[in-house]
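Down below is the structure, laid out as C-alpha cells.
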There are 2 protein chains.
Amino acid sequence: MTMPSSPLKSWPEIQAAGFSLENCPVRDVLGHVGDKWSTLILGALGKRAHRFGELRRALPDISQRMLTQTLRDLRRTGLVAREVFPTVPPGVEYSLTPLGRSMIAPLAALTAWAESNHAAIRAARADFDRAEEEARAA
Amino acid sequence: MTMPSSPLKSWPEIQAAGFSLENCPVRDVLGHVGDKWSTLILGALGKRAHRFGELRRALPDISQRMLTQTLRDLRRTGLVAREVFPTVPPGVEYSLTPLGRSMIAPLAALTAWAESNHAAIRAARADFDRAEEEARAA
DNA sequence: CAGCATCCCAGTGGATACTG
DNA sequence: CAGTATCCACTGGGATGCTG
C-alpha cells in the first residue's frame with residue numbers, strides 16, 4: 001500500500017464524517033493489512049517463529065529487500081520481535097510479539113470473511129466486467 | 001496498496017506455508033482494507049448512503065479522480081451499489097450492498113483492535129525510532 | 001452534478017551486487 | 001546467514017481541464 005510520508009491534516013474531519021478512524025495508528029495497522037507481504041509474514045509467524053531464510057523460503061515470491069523492509073516495519077509497529085543468536089554463522093529469529101499475537105484474531109476474522117464470501121466477490125467481479133464489456137460494445 | 005496486475009503463481013505454496021490466504025479474493029479484500037480511501041468510503045457509506053458530492057465533502061482530501069476510481073473498484077468487488085436518479089441535475093447515490101454491510105463487522109473488529117492498541121503501537125514506534133537514533137549516534 | 005481524459009511527479013518495489 | 005546499497009522501471013495518485 002501507499003502510505004503518505006507527510007501526515008494528512010484533515011483526518012479529524014474525515015473520521016468525524018464517518019468511521020472509527022483514529023489519527024494515525026489505525027491507518028498504520030490497515031497499511032500492514034493491505035500490504036502485499038505483511039499479512040503473509042504475520043501468518044507465517046503466527047504458526048511459529050521463523051529464521052530469516054525460512055521466511056524467504058516460505059514466501060517464494062518475496063525479494064529479500066521487501067522481506068527485510070517489511071520485517072523492519074512490523075518490528076517498528078511492535079508486532080514482530082527479532083532475536084539475534086550470536087552463533088557462527090549468525091542466526092536471527094523472528095516471532096510475533098504479544099501485541100502481534102493479539103492482532104491475529106481480528107485479522108483472521110477479516111480473512112475468514114473474505115474466504116467465505118469469495119464466491120460472491122468473484123461473481124460480482126465477473127458481472128461487473130461483463131456489463132462493462134456490453135456497454136463498450138454498444 | 002499495490003496490487004499486482006499479474007497474478008502470483010506461487011500463492012498455493014505461500015498459503016500452505018502459513019496462513020488462510022485464498023487464491024485471490026482475500027488479497028482483493030485486503031487490498032481494499034489497506035487502501036488509503038476504501039475504508040474511509042466504506043465507513044461513510046456504512047453510516048448512510050451518500051451522493052458523489054457528499055462523499056467528496058466527507059473526505060476532504062480525496063481527489064475526485066481517486067474517489068471515482070475507488071468507488072468503481074468497490075462496486076466491482078460487489079461491496080458498493082450505485083443508483084442513478086435521472087433527475088435534473090442528475091444525482092447518483094452510493095450505498096453498501098448486503099455484501100458490503102456484512103464486511104463492516106470484521107472490518108470494525110480490526111479497526112477496533114487498532115484503536116485499543118494505538119497507545120502500544122505509538123510507544124513501539126517511539127522506542128524503535130529512539131533505539132535507531134542511538135545506534136546511529138554510536 | 002457526476003465523471004472521464006491527460007499530464008506528471010514521487011514513491012514503491014524488483015534485480016543485482018556487496019558486507020559483517 | 002542476514003542483511004545493506006544502488007539502480008531502475010512501473011504505477012499510484014494529485015492537479016487540471018473537458019463532457020453529458
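We name chains A, B, ... by the order of the sequence lines, and we start the count at 1 in each one.
Straight-line distance from the CE atom of A:M66 to the C1' atom of D:dT4: 13 Å, rounded to whole Å. What separates CG of A:L55 from C1' of D:dG3 is a distance of 13 Å, to the nearest Å. Summarising the geometry, the separation between CG on A:L71 and P on D:dA2 is reported as 11 Å, rounded to the nearest angstrom. Protein atom CG of B:L67 is 18 Å distant from nucleotide atom P of D:dT16, rounded to whole Å. To the nearest angstrom, C1' of C:dG14 lies 11 Å from CD of A:Q69. Rounded to whole Å, the distance from CH2 on A:W37 to C1' on C:dG14 is 10 Å. When the C1' atom of D:dA15 is taken as reference, atom CD1 of B:I62 falls 15 Å away, rounded to whole Å. As rounded to whole Å, 10 Å separates atom C1' of D:dG12 from atom CG of B:D35.
Summary of the strand contacts: B:P89 and A:P90 both lie near DNA chain C, and taking for each the nucleotide with the nearest heavy atom, the more 5' one is attributed to B:P89.
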Before you tell me yes or no, could you show the steps for A:E132 and A:D127 under side chain to side chain contact (heavy atoms under 4.5 Å, CB included), namely the whole-Å CA-CA distance, both residues' side-chain angles and the distance that decides it to 0.1 Å?
CA-CA 8 Å; A:E132 203 179 37; A:D127 282 8; over 6 Å; no

Dump the intermediate steps for salt bridge (charged side-chain N to carboxylate O under 4.0 Å, His left out) on A:R51 and A:E83, then the final yes or no.
CA-CA 9 Å; A:R51 300 268 302 275; A:E83 190 177 3; over 6 Å; no

Give the intermediate values and the outcome of side chain to side chain contact (heavy atoms under 4.5 Å, CB included) for residues B:E93 and B:L45.
CA-CA 10 Å; B:E93 193 170 86; B:L45 296 183; over 6 Å; no

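The backbone N or O of B:S102 lies less than 3.5 Å from a partner atom in the side chain of A:W113, making a donor-acceptor pair.
Side-chain N/O atoms of A:R65 include none lying less than 4.0 angstrom from OP1 or OP2 on C:dA15. In terms of phosphate contacts, A:Y94 brings no side-chain nitrogen or oxygen within less than 4.0 Å of OP1 or OP2 of D:dC1. Distances shorter than 4.0 Å separate none of the side-chain N or O atoms of B:K36 from OP1 or OP2 on C:dG11.
Interface remark: the A:Q64 side chain does form a donor-acceptor pair with the D:dT4 base, using a distance-only criterion of under 3.5 Å.
Between C:dC1, D:dG14, D:dG3, one nucleotide has an atom nearer to the side chain of B:S63 than all others, and that is D:dG14. Checking C:dC1, D:dG13, D:dA2 against the side-chain heavy atoms of B:R51 singles out C:dC1 as nearest.
Across all strands shown, A:F85 has no heavy atoms under 4.0 Å from either base or sugar-phosphate atoms.
Follow the hydrophobic side-chain contacts under 4.5 Å out from A:F128 and you never reach B:M103; the two are in separate clusters.
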